[in-house]
There are 2 protein chains.
Amino acid sequence: MSEKDRFSGALDRVLELVVLLNDDMTKSLASLGLTGSRAHLLWVLRERGPLTQRSLAQALGVSARNITGLVDALVATGFVSREPHPTDRRATLVSFTKQGEATARDLQRDQEEFAELLFAGMPREQFDAFVGGLGEVLARLAKAGLTRNAAGG
Amino acid sequence: MSEKDRFSGALDRVLELVVLLNDDMTKSLASLGLTGSRAHLLWVLRERGPLTQRSLAQALGVSARNITGLVDALVATGFVSREPHPTDRRATLVSFTKQGEATARDLQRDQEEFAELLFAGMPREQFDAFVGGLGEVLARLAKAGLTRNAAGG
DNA sequence: ATACATAGTGAAGGTGCATCACGATGAGTG
DNA sequence: CACTCATCGTGATGCACCTTCACTATGTAT
């Protein structure tokens, strides 16, 4: 088997993982009444506290206009609320409602459970090797100029 | 560091890889005049030869109606053509045009180059460990009932 | 012939994304 | 203070992807 074939095969597996992960997360999110983008927004909000929509746009790497729609939806379903910014009357702060906080916790719990599903009981050596390889691949991607925020900065 | 944290951290890295991969492939595909879904269709067509739209729907895991739109777009851009099915007058066969064949080859070349970027020069041991871990994770996903086609069958 | 299943598509709708235009506000300058 | 320019959110519009339901044309089994 040529090196080329080994590499392509590995990429195929990675891609398969991507598809599977995507499907599973989408389903899991749907059961909480969320979509991927809305969950992502909640996730950022949870890590960084109340934010303006502008900040959210930057954090998610999407247009400001798009955030309006996502927040609209999350407000409609009661996960977040819009508050006036205390000092800048142009801006609005997006904050969790109680329900939103609970959902964000569920989100994290689900993620932890999923990580458990993937890795629990795996020999420590294999786990470390996998994570190491993952890090190496990520580093190569970064070196190739694909650092998530290189374009968005 | 607790086991839980190690697992979550690893999942975070996997998710980061997913995002990075997605971005890069989207860009690469756009340069060929394709989107992800259309490229996927071409990919399946390349592996399995001329197919009915119904078969494509199954292969891509989307609704038949959706295939109509994807094929419409690919016909409009000259990558594929619709031919009457030789024996079933209800069905249409989707086949490559010459341009489509060339593009499919480009697609594969790009994918191989990308695999090269990710893995070339990586110590054989690390590569094998990574692929092994990947296989293990994939197996767990499959065991958890997330086998790509389990729901679609 | 009749009934049922299948292939593709029109219609309508949901979600995520973008750009452009615009009003409201903030901040810097004279 | 008035003027200018940048910034925040959003309306309008459009593309891609996906869905379900309804419908026609066709195949198939009884």
Side-chain angles (χ1 to χ4, degrees), chain A residues 18-19 22-23 25-27 29-30 32-44 50-77 79-95 151-152, chain B residues 18-19 22-23 25-27 29-44 50-77 79-95 151-153:
Chain A
V18 168
V19 171
N22 230 317
D23 285 1
M25 304 235 123
T26 299
K27 264 188 240 167
L29 257 27
L32 292 175
L34 288 173
T35 63
S37 295
R38 294 174 199 174
H40 190 183
L41 197 159
L42 253 37
W43 191 262
V44 169
L51 291 175
T52 64
Q53 298 191 178
R54 217 76 193 182
S55 308
L56 283 168
Q58 266 207 316
L60 301 204
V62 300
S63 71
R65 185 58 185 86
N66 193 20
I67 298 294
T68 299
L70 295 179
V71 172
D72 281 353
L74 288 169
V75 167
T77 47
F79 290 133
V80 305
S81 65
R82 285 189 170 99
E83 319 282 352
H85 190 286
T87 64
D88 188 340
R89 283 189 299 170
R90 293 168 306 177
T92 64
L93 280 180
V94 181
S95 315
Chain B
V18 168
V19 171
N22 229 318
D23 285 2
M25 305 235 121
T26 300
K27 263 188 240 167
L29 256 30
S31 74
L32 292 175
L34 288 174
T35 63
S37 295
R38 294 174 200 175
H40 190 182
L41 196 157
L42 253 37
W43 192 261
V44 169
L51 290 175
T52 64
Q53 298 191 178
R54 217 76 192 180
S55 308
L56 282 168
Q58 266 207 318
L60 299 204
V62 299
S63 71
R65 183 61 184 83
N66 194 22
I67 298 294
T68 299
L70 294 179
V71 173
D72 281 353
L74 288 168
V75 167
T77 46
F79 290 131
V80 305
S81 65
R82 284 190 171 98
E83 319 282 352
H85 190 286
T87 65
D88 187 339
R89 280 189 302 168
R90 294 168 304 175
T92 63
L93 280 179
V94 182
S95 314

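Only this structure's heavy atoms are used, side chains among them; waters, hydrogens and symmetry mates stay out. Every chain is numbered from 1, with letters handed out A, B, ... down the list of sequences. This structure is a prediction, so every number in the text was calculated from the model and none was measured.
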Peer 1: Find the distance B:Leu93:CG to C:dA7:C1' and express it as a whole number of Å.
Peer 2: 12 Å
Peer 1: Does the side chain of A:Val75 reach to within under 4.5 Å of the side chain of A:Val94, using non-hydrogen atoms?
Peer 2: no
Peer 1: Counting side-chain heavy atoms from C-beta on, which of C:dG10, D:dG9, C:dA18 comes nearest to B:Arg65?
Peer 2: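 The answer is C:dG10, which lies nearest to the side chain.
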Peer 1: Nearest to the B:Ser37 side chain among D:dC18, C:dG8, D:dT10, which nucleotide is it?
Peer 2: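 Per side-chain heavy atoms of B:Ser37, the pick is D:dC18.
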Peer 1: To the nearest angstrom, how far is A:Lys27 atom NZ from D:dT19 atom P?
Peer 2: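 Computing the A:Lys27:NZ to D:dT19:P distance gives 13 Å.
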Peer 1: Nearest 0.5 Å, what's the CG-CG distance between B:Leu70 and B:Leu42?
Peer 2: 10.5 Å
Peer 1: Name the residue closer to the 5' end of DNA chain C, choosing between A:Ala64 and B:Ser55 according to the nucleotide with the nearest heavy atom.
Peer 2: B:Ser55
Peer 1: Can you check each nucleotide of nucleotides 25-30 of chain D against protein heavy atoms at under 4.0 Å and return B for base, S for sugar-phosphate only, - for none, in 5' to 3' order?
Peer 2: BBS---
Peer 1: Write down the distance between CG (A:Leu34) and P (C:dT15), rounded to a whole number of angstrom.
Peer 2: 12 Å
Peer 1: Going from CD on B:Gln58 to CG on B:Leu51, what distance comes out if it is rounded to the nearest 0.5 angstrom?
Peer 2: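 The CD atom of B:Gln58 sits 10.5 Å away from the CG atom of B:Leu51.
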Peer 1: Roughly, in whole Å, what's the span from CG in A:Leu41 to C1' in C:dC17?
Peer 2: 14 Å
Peer 1: Please list, by residue number, the residues of residues 68-76 of chain A whose heavy atoms come closer than 4.0 Å to an atom of DNA chain C; answer none if no residue qualifies.
Peer 2: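 By residue number: A:Leu70.
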Peer 1: Is the distance from OP1 or OP2 of D:dC8 to the nearest side-chain N or O of A:Thr92 less than 4.0 Å?
Peer 2: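 Negative; the distance criterion is not met.
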Peer 1: Return the value, rounded to whole Å, for the distance between atom CD1 of A:Ile67 and atom P of C:dT19.
Peer 2: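 In whole Å, C:dT19 P and A:Ile67 CD1 are 14 Å from each other.
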Peer 1: May I ask you to say what A:Ser63 touches in the nucleic acid, namely base, sugar-phosphate or nothing, with a heavy-atom cut-off under 4.0 Å?
Peer 2: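 If one applies the 4.0 Å heavy-atom cut-off, A:Ser63 turns out to touch a base.
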Peer 1: Establish, with yes or no, whether the OP1 or OP2 oxygen of D:dT10 is under 4.0 angstrom from a side-chain nitrogen or oxygen of A:Arg82.
Peer 2: yes
Peer 1: Side chain of A:Arg54: nearest nucleotide among D:dC8, C:dT9, D:dA16?
Peer 2: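 The closest nucleotide is D:dC8.
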Peer 1: Taking atom CZ of A:Arg82 and atom CG of A:Asp72, what is their separation to the nearest 0.5 Å?
Peer 2: 4.5 Å
Peer 1: Expressed as a whole number of angstroms, how long is the span from B:Glu83:CD to C:dG8:P?
Peer 2: 14 Å
Peer 1: Please find the pair of heavy atoms, one from A:Thr52 and one from A:Leu93, that lie closest to each other, and give the distance.
Peer 2: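 Reported closest heavy-atom pair: N-CD2, 3.7 Å.
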Peer 1: Of the options C:dT15, C:dG8, D:dG9, whose atoms approach the side-chain atoms of B:Gln53 most closely?
Peer 2: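 Closest of the options to the side chain of B:Gln53: C:dG8.
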Peer 1: Where do B:Glu83 and B:Ser95 come nearest, in terms of heavy atoms and distance?
Peer 2: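 For B:Glu83 and B:Ser95, the tightest heavy-atom pair comes out as CG-OG, 3.6 Å.
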Peer 1: Find the distance A:Asn66:CG to D:dA12:C1' and express it as a whole number of Å.
Peer 2: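 In whole Å, D:dA12 C1' lies 15 Å from A:Asn66 CG.
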Peer 1: What is the distance from atom OG of A:Ser81 to atom CG of A:Leu74, rounded to the nearest 0.5 Å?
Peer 2: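 Answer for the OG-CG pair, A:Ser81 versus A:Leu74, is 11.0 Å.
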Peer 1: Can you tell me how far the CZ atom of A:Arg38 sits from the CG atom of A:Leu32, to the nearest 0.5 Å?
Peer 2: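 If I round to the nearest 0.5 Å, the distance is 13.0 Å.
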Peer 1: What's the CG-P distance between A:Leu51 and D:dG9, to the nearest Å?
Peer 2: 11 Å
Peer 1: As an exercise, state the distance from CG of A:Leu60 to OG of A:Ser55, rounded to the nearest 0.5 Å.
Peer 2: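 Output value for this atom pair is 10.5 Å.
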